[in-house]
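The structure appears below as structure tokens.
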Amino acid sequence: MPRQPTSRPYHHGDLRTVLLKSAERTLREKGVGALSLRELARDAGVSHAAPGRHFKDKQALLDALALDGYERLNRALDTAVESPGLDFEGRLTALARAYLGFAMANPELLELMFARKHAPEDSDSSDLLASAVEHSLGSITRMIAEAQEQGQIVAGDPERITMAAAASLHGLATLIAHGALPAEESINGLDEHVHLLLNGLRPR
């Protein structure tokens with residue numbers, strides 16, 4: 001009697017984590033276009049229907065990847081902001097270093113994160129993504145508001161100042177990711193970058 005082929009199992013322990021890790025590896029090595037729930041199931045050794053218990057479609061997978069990225073980024077930013085014994089410029093430099101470190105280690109994921117934060121409002125993860133983005137910017141806004149209260153920086157809308165600082169840091173990360181700036185040189189010059197950001201270019 002011929003041996004029946006072994007069917008793939010439906011369960012795989014913490015399958016969601018396994019799928020996300022595999023998806024991030026595919027994103028890093030092949031790009032977002034190569035992501036497929038069926039391929040991820042094959043890599044995980046489970047049935048092609050198994051990922052559907054965690055991600056209803058590819059968009060849900062992309063949202064989950066982006067959300068996981070924001071959670072990791074926010075942990076790094078929170079740790080930097082809470083650095084003890086630093087003045088405002090030192091804390092902002094620590095935050096910038098944390099952001100650039102994440103951006104340099106995860107350029108493809110960061111690009112996806114920025115793309116998915118504009119996901120349609122009917123996306124299952126839209127509220128979670130919006131909250132995660134707000135947390136990221138909130139790390140800078142809270143720090144700026146505290147510095148304003150202590151008279152360390154100019155008065156003004158903290159959110160507008162946050163956008164200027166965030167745009168500067170993200171622009172630097174983008175230039176590094178595209179090879180326009182050498183990574184090591186940019187990291188070594190980060191103190192000066194933050195100093196210029198805070199003090200401007202006019203002579204004093």
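All values below were derived from every heavy atom in this structure, side-chain atoms included, with hydrogens, water molecules and symmetry-related copies excluded.
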* Hey, are Arg42 and Glu39 close enough for a salt bridge, meaning a charged N less than 4.0 Å from a carboxylate O? ->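 A salt bridge is present here (some side-chain N lies under 4.0 Å from a carboxylate O).
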* Are any of the side-chain nitrogens in Asp63 or Lys56 under 4.0 Å away from the carboxylate oxygens of its partner? ->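 A salt bridge is absent here (no side-chain N lies under 4.0 Å from a carboxylate O).
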* Residue pairs involving residues 157-168 (criterion side-chain hydrogen bond (donor to acceptor under 3.5 Å, both in side chains); sequence neighbours excluded) ->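 Found Thr141-Thr162, Ser168-His193.
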How about [X] and [Y]: do any of their side-chain heavy atoms sit closer than 4.5 Å?
X	Y	value
Leu190	Leu172	yes
Lys58	Ser36	no
Arg16	Phe55	yes
Leu137	Met163	yes
Leu61	Leu40	yes

* **Side-chain donor/acceptor of Glu89 to backbone N/O of Leu198, under 3.5 Å** =>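 No, the answer is negative, given that no donor and acceptor are paired below the 3.5 Å cut-off.
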* To do: Return yes if some donor-acceptor pair links the side-chain N/O of Arg91 with the main-chain N/O of Val81 below 3.5 Å, else return no.
  =>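 Yes, because the side chain of Arg91 sits within donor-acceptor range (under 3.5 Å) of the backbone of Val81.
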[X] atom [atom1], neighbour heavy-atom count above 12 within 6.0 Å:
X	atom1	value
Glu192	CD	no
Glu29	CD	yes
Gln152	CD	yes

* To do: Check the pair Asp191, Arg97 against side-chain contact (heavy atoms from CB on, under 4.5 Å), reporting the backbone distance first and the verdict last.
  => CA-CA 9 Å; Asp191 289 12; Arg97 200 173 299 280; 3.0 Å; yes
Nearest heavy-atom pair of [X] and [Y]: which atoms, and what distance?
X	Y	answer
Ala80	Ala98	CB-CB, 4.0 Å
Leu67	Leu129	N-CD2, 3.8 Å
Ser22	Asp43	OG-OD2, 3.9 Å
Pro51	Ser47	CD-O, 3.5 Å
Ser139	Asp78	OG-OD1, 3.4 Å
Ala60	Asp57	N-OD1, 2.9 Å

* Verify side chain to side chain donor-acceptor pair (under 3.5 Å) between Asn74 and Ser136, making sure each step is shown before the conclusion. => CA-CA 6 Å; Asn74 288 340; Ser136 296; 2.5 Å; yes
Would you compute the distance between atom [atom1] of [X] and atom [atom2] of [Y] and round it to the nearest 0.5 angstrom?
X	Y	atom1	atom2	answer
Glu24	Asp68	CD	CG	6.5 Å
Thr26	Arg28	OG1	CZ	9.0 Å
Leu197	Leu169	CG	CG	7.0 Å
Arg75	Glu71	CZ	CD	6.5 Å

Give every donor-acceptor pair under 3.5 Å between a side-chain atom in residues 99-115 and any protein atom, sequence neighbours left out.
{"residue": "Tyr99", "atom": "OH", "partner": "His170", "partner atom": "ND1", "Å": "2.7"}
{"residue": "Asn106", "atom": "OD1", "partner": "Arg72", "partner atom": "NH2", "Å": "3.4"}
{"residue": "Asn106", "atom": "ND2", "partner": "Phe102", "partner atom": "O", "Å": "3.0"}

* **Common cluster, Leu196/Ile161, ILVMFWY with side-chain heavy-atom separation under 4.5 Å** =>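 No, no single cluster joins them.
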* To do: Answer with yes or no whether the hydrophobic clustering places Ile187 together with Leu175; edges join I, L, V, M, F, W, Y residues whose side-chain heavy atoms lie under 4.5 Å apart.
  =>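 Looking at the clustering, Leu175 is in the same group as Ile187.
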* To do: Please lay out, stage by stage, how Leu77 and Ile140 fare under the test side-chain contact (heavy atoms from CB on, under 4.5 Å).
  => CA-CA 9 Å; Leu77 296 181; Ile140 308 177; over 6 Å; no
* Stepwise side-chain contact (heavy atoms from CB on, under 4.5 Å) check, Tyr70 with Leu128 -> CA-CA 10 Å; Tyr70 273 113; Leu128 291 174; over 6 Å; no
* To do: Would you check, one step at a time, whether the test side-chain contact (heavy atoms from CB on, under 4.5 Å) holds for His54 with Leu15?
  => CA-CA 8 Å; His54 303 283; Leu15 180 58; 3.9 Å; yes
